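The next block holds one structure in the form of structure tokens; read it before the comments.
Note that this is a predicted model, so its numbers are computed, not measured.
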Amino acid sequence: SKLPYNPPPRIYHATLKRVLRKASSFQSISFGRFQSSKRIRLQISCAAKPETVQKVSDIVKEQLALSADTALTAESKFSALGADSLDTVEIVMALEEKFDISVEETEAQNITTIQEAADLIEDLVQKKPTAQAS
Amino acid sequence: MRISVMSQMQRSFSIDLPSLIPLQLPSRRYTHLWYVIPDEVKSTSLLKRYSQLLSQTEKDGVDQMRGDELKKNALLARTLVRTTVARYQTNKAFDPRSLMFKKNVYGKPEVDWQNCNNQPLHFNISHTDSLIACGVTVHAPVGIDVEDKERKIKHDVLAFAKRFYSADEVNFLATIRDPEAQRKEFIKLWTLKEAYVKALGKGFSAAPFNTFTIQSIPGTEEGYSLCKTSEVTADPLEETKKCNGEWKFALLELADSHYAAVCIEDDQANEGAPMRVIVRKTIPFVEDQLISERIFL
């Protein structure tokens with residue numbers, strides 16, 4: 001299904017990632033540089049990557065047995081799609097497997113939309129000890 | 001079937017509603033369990049009447065649901081709650097439209113009695129794609145959960161249980177060889193655990209599933225008890241389980257298709273006395289059918 005916003009071009013992504021990696025490897029960088037890299041990081045981590053939103057949508061469709069052409073947006077609420085608490089838990093388990101993360105029960109309960117799931121996933125993936133590739 | 005009743009309602013004049021047959025409040029330790037089968041409610045005019053009962057918030061909630069079937073079930077759920085609670089009011093002409101609802105601080109739905117305090121009635125609702133249930137008690141909070149008996153779990157049942165259930169429950173499930181029997185026991189446990197959390201009314205974080213065990217009472221066919229694992233233990237061997245009788249459980253089958261768990265806070269004055277569940281099937285404004293009256297020790 002179509003996403004509601006345009007994903008940034010790949011080149012832009014790669015450049016920003018290089019900048020971030022450089023910034024984070026300098027513990028004693030100047031105040032000015034630290035501020036700017038932090039600002040860039042905030043801009044990127046405001047919303048999850050479109051690919052993540054898409055992967056979450058696919059898992060939700062599968063768990064709730066929705067037809068392939070059901071239009072889901074990032075704002076789609078699990079409850080409006082007919083998910084009960086058992087569905088939500090199964091969705092979270094599937095997301096844990098797909099992204100190799102571990103979600104706490106209280107975090108899982110706070111997920112009500114596809115966007116929230118995607119945001120949590122990216123947050124947890126980022127916090128993993130091994131730096132993520134790409 | 002299409003439900004475009006919401007827009008029609010704004011334009012149409014009010015349709016006279018038939019009156020609801022009043023009900024006597026349940027006695028203490030009784031749960032009245034009402035259920036509706038959505039497939040049995042086909043009349044468009046009846047569904048229009050139901051939509052007239054809802055508040056604007058409830059109508060918005062129904063509209064948010066994706067697809068006609070989900071919209072219809074959401075409509076039936078609110079209708080079941082409103083009409084059932086209205087029927088227990090002592091004022092025989094009580095209008096179900098006048099009921100107001102609120103959520104407690106943890107999000108559990110309750111009746112907003114406005115200025116009439118000390119109302120004894122408690123309710124809780126649960127539904128699946130094919131059944132909607134509402135439990136009613138007096139003087140004690142109640143939690144209800146229903147699940148389709150045939151519901152398939154996409155993950156390995158034991159892996160799921162290890163992730164979410166208590167250690168004792170995992171051990172119990174692990175002893176069941178037949179995968180189908182194991183799945184059924186998993187579902188039964190799910191409904192019992194959900195019913196407890198809903199009766200408690202403090203949200204899932206107040207009672208994470210792995211902090212309590214629900215188990216059969218030995219010597220009874222359908223008795224269940226709750227044991228809470230102690231919170232912080234330095235020595236795992238010292239982990240104590242408190243199995244008290246504060247919460248009573250009933251597990252039944254509805255319409256041959258669903259497991260239904262009822263959890264009610266025990267009446268301190270009559271500790272140890274059995275709980276009773278009276279099951280009735282209903283189509284609001286149309287008919288009631290007494291299904292069973294059961295005792296649970």
Side-chain angles (χ1 to χ4, degrees), chain A residues 1-2 4 53 55-117 120-121 124, chain B residues 38 60-74 77 106-107 125-132 143 145-148 151-157 159-165 183 186-191 193-195 197-198 202-211 258-259:
Chain A
S1 56
K2 281 206 73 75
V53 171
K55 283 177 188 166
V56 175
S57 294
D58 292 342
I59 284 172
V60 168
K61 274 191 190 177
E62 198 190 312
Q63 175 63 33
L64 302 181
L66 306 174
S67 66
D69 54 0
T70 308
L72 294 185
T73 68
E75 281 69 45
S76 295
K77 280 191 190 174
F78 288 178
S79 56
L81 298 168
D84 62 11
S85 50
L86 188 46
D87 287 313
T88 304
V89 169
E90 289 228 82
I91 288 169
V92 168
M93 280 184 82
L95 295 173
E96 286 181 324
E97 283 159 19
K98 181 92 184 176
F99 293 94
D100 189 27
I101 49 176
S102 187
V103 180
E104 305 220 351
E105 201 174 329
T106 38
E107 286 175 317
Q109 287 140 34
N110 286 330
I111 297 174
T112 59
T113 66
I114 290 179
Q115 184 70 60
E116 284 170 9
L120 177 65
I121 286 161
L124 291 172
Chain B
D60 293 341
V62 170
D63 279 338
Q64 262 190 14
M65 302 303 288
R66 301 279 224 96
D68 288 341
E69 202 187 298
L70 287 178
K71 283 183 166 53
K72 178 182 171 185
N73 287 6
Y106 304 99
I125 193 157
S126 174
H127 58 88
T128 67
D129 290 341
S130 50
L131 187 142
I132 299 162
D145 192 59
V146 292
E147 282 300 343
D148 188 330
R151 183 185 187 137
K152 297 288 173 265
I153 306 296
K154 295 204 163 46
H155 291 84
D156 172 62
V157 164
F160 196 136
K162 280 176 189 161
R163 181 79 177 69
F164 287 102
Y165 286 16
R183 185 195 60 82
F186 174 89
I187 300 281
K188 285 183 189 175
L189 269 177
W190 180 274
T191 59
K193 291 167 86 72
E194 276 274 303
V197 172
K198 292 175 80 181
K202 292 183 181 154
F204 288 96
S205 45
F209 270 23
N210 60 5
T211 61
H258 283 72
Y259 293 125

Heavy-atom distance under 4.5 Å between the side chains of B:Arg151 and A:Asp84, does that happen here? yes

For the candidates B:Met65, B:Arg163, B:Lys154, which exhibits the highest count of non-hydrogen atom pairs separated by less than 4.5 Å from chain A? B:Lys154

So which atom in A:Ala94 and which in B:His155 form the shortest heavy-atom distance, rounded to 0.1 Å? N-NE2, 3.6 Å

Working to the nearest 0.5 Å, report the span between CG of A:Leu86 and CD1 of B:Ile153. 4.5 Å

At a heavy-atom distance under 4.5 Å, which candidate from A:Gln63, A:Glu62, A:Lys77, A:Glu90 has the highest pair count against chain B? A:Glu90

Check B:Arg66 against A:Ala71 and note the closest heavy-atom contact, atom names and distance. NH2-O, 2.6 Å

A:Glu97 portion near chain B, given a 4.5 angstrom heavy-atom threshold: side chain

Given heavy-atom pairs under 4.5 angstrom as the criterion, report whether the side chain, backbone, both or neither of B:Lys193 touches chain A. neither

Can you tell me which portion of A:Ser79 sits under 4.5 Å from chain B's heavy atoms? Options are side chain, backbone, both or neither. backbone

